[in-house]
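Below, chain A is the first sequence line, B the second, and so on; all start at residue 1. Because the structure is a prediction, the values reported are computed rather than measured. Values reported hereafter were calculated over all heavy atoms of this structure, with side chains retained and with hydrogens, waters and symmetry mates removed.
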Amino acid sequence: MTIRDKTAIVGLGATPYYKRGQSAPQTLDELVGKSILAALDDAGLGVGDVDGFAYFAGGFDTGMLMETLGIPEVRFSASLTGTGGGSAGAVGLAAAAIVSGMANVVVCVGANQQGAQRFGSITSRYDATPGNVFFSAAGLVGPGHMFALLARRHMHLYGTTRDHYADVAINIRNNALSNPNALMRKPLTREDYFKAPLLADPHCLYDFCLESDGAIAVIVTSAERARDLRQPPVRVLASAHGGARDWGRSIYWMNMPDEIFASSGHSAVARNLYAMAQVNPSDIDVAQIYDHFSSQVIMQLEDYGFCERGEGGPFVSSGATAFQGGQIPINTDGGQLSCGYVWGMTHVREAVEQIRGVAVNQVVGAELALVTGGPSNVPVSGLILGK
Amino acid sequence: MPSLIAKRPAVKFFNPATDKWTQPFWDAAVQHRLVGASCAKCGAFRMPPTPFCPHCHSQLLNWVDLPGTGVVYSYSIVASAIMPGMDDCLPYVTAVIALDEAGDTRLISNVVDIPVDQVRVGLKVRVIWDDDWGGMTIPRFTAELR
Ligand SMILES: [Zn+2]
């Protein structure tokens, strides 16, 4: 038994995307609450219908959300472990709760508000532990600095270049230009890219995702109940999370075997995800690839089988991932590199809009959408949505 | 323009912490000995040291003196500050060092004291020690260039 095609996303709600810190004086709980109320309204449901919460990265205080939103009773409240790796998998957690009878209407919500602490330097603020001494002594002050080491190894093994990373950033920026929700709506030229500060070579400023504030919620319920609601159901065909021991703590470990070091760590999840959905990479019409760093977009395209390992750079540079004329358009809203960063929930949002057929950059006839969670320590996750 | 020399990262972002599994590594560091954690039962190295051998689940470790040499497995040049307090230490080079005679284990560290444009994957390096670095002695790596 799997969760294949037994549940659907029936509601979607989001706050605007704000540049880092500009969502103040709203509180984080307030942003979360606004997205949940908007998602319920979108679905034609009320707070009395909600009986579950499925989170990632530790989630939020369910009791507090019930108190302030007036949700009378909850039967399920759980979170994936890890960090942004679980954004796509939280929908699978919701589906698991519904299919097993532990809940009927589950909220998945992600949000961030970067006031005092910027995510770009978040590892420098981790509590000192015997494990992180090894990387804090080396000055690995943020995730972009750590993933730069994987990006460099990819360049060494496969001949990937900064031009390839530039093409990822430019490709995704092009999609943001027409999106009124996007924070970055100026064209990005190759000249701009190569003039940008090298924060952690080979990563420059434009290889890093935005630091933004915002909240996004989706409502998941059973396929039967979804039929009678306000929106056309977006079918949850598969959601998987986890990963291989050889990836493990990944950037916090740096001892992955060579064949996995220069990857996104998603290959096990990709295999399980396609098997559950009973589809192949060539069946996917549009992909929302977690783009905290441009180099990791290339490695995920490889792990998800859109091209061979090592071919991700030339694949992107060939135009294969472009919205216009690409074989697999990616990050059609402008992604986290150029639209907004909400710990991967932006990707879930864009996939829902693509399957509903209402996206700003709509892929004509899109029937299957892939969403990935952030490459990071296990669990990483993936999601396939269908019309 | 001559290439800049690789510096050290800012000590202000470093907070020491150890436990019984990592303490021997840092105790040896004070004596300027680079050591590796080898399973006393099956010999497998693991880095960083953890409570169990993943191969045989033995908890017994031998702390083996390593030659202190290795090669740069991957690296990144940090040339711009992302927060206050970084400017004085730029540029510095973060690196993953594949350690000689320590199985397939690697150490997260820095390449220092050589021009940053000389750092490359495969560069042979040797350990040097920074004493009194935020309360610990820290291994870093440098190279003889010819
Ligand atoms: Zn052993």
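- Contacts with chain A were tallied for B:Thr105, B:Ile138, B:Leu107; B:Thr105 has the most, counting heavy-atom pairs under 4.5 Å.
- For chain A, the nearby part of B:Ala95 is the backbone; its heavy atoms alone come within less than 4.5 Å.
- Using a 4.5 Å cut-off between heavy atoms, B:Thr22 contacts chain A through its side chain alone, with no backbone atom that close.
- Of residues 142-153 of chain A, those residues lying under 4.5 Å from chain B by any heavy-atom pair are A:His145, A:Ala148, A:Leu149, A:Arg152, A:Arg153.
- Within the 6.0 Å centre-distance limit, the rings of A:Phe134 and B:Phe25 are counted as a close aromatic pair.
- Residues from residues 207-214 of chain A never place a non-hydrogen atom less than 4.5 Å from a non-hydrogen atom of chain B.
- Only the side chain of B:Trp26 comes within contact range of chain A, judged by heavy atoms closer than 4.5 Å.
- Under the side chain to side chain donor-acceptor pair (under 3.5 Å) criterion, A:Thr372 pairs with A:Gln300, not counting sequence neighbours.
- Within residues 27-52 of chain B, the residues having any heavy atom closer than 4.5 Å to a heavy atom of chain A are B:Met47, B:Pro48, B:Pro49, listed by residue number.
- Using modelled atom types, no side-chain atom of B:Asn15 and backbone atom of A:Ala128 make a donor-acceptor pair closer than 3.5 Å.
- Contact tally against chain B (heavy-atom pairs below 4.5 Å) for A:Gly131, A:Pro197, A:Ala137, A:Ala200: the top residue is A:Ala137.
- Only the backbone of B:Asp104 comes within less than 4.5 Å of a heavy atom in chain A; its side chain stays farther off.
- B:Phe14 is listed as a side-chain neighbour of A:Val133, based on a closest heavy-atom distance under 4.5 Å.
- For chain A, no part of B:Ala10 is nearby; none of its heavy atoms comes within less than 4.5 Å.
- Within a 6.0 Å sphere centred on CG of B:Asp88, heavy atoms belonging to other residues, nucleotides or ligands number 12 at most.
- For chain B, the nearby parts of A:Asp258 are the backbone and the side chain; heavy atoms of each come within less than 4.5 Å.
- The backbone N or O of A:Pro130 sits nowhere less than 3.5 Å from a side-chain atom of B:Thr18 that would complete a donor-acceptor pair.
- Remark: side-chain polar atoms of A:Asp201 are not paired, donor with acceptor, to backbone N or O of B:Ser76 under 3.5 angstrom.
- The shortest distance between side-chain heavy atoms of B:Tyr75 and A:His156 does not fall below 4.5 Å.
- You'll find the side chain of B:Val78 stays beyond 4.5 Å of the side chain of A:Leu199, heavy atoms only.
- In this structure the side chain of B:Ser74 never reaches within 4.5 angstrom of the side chain of A:Met254, judged on heavy atoms.
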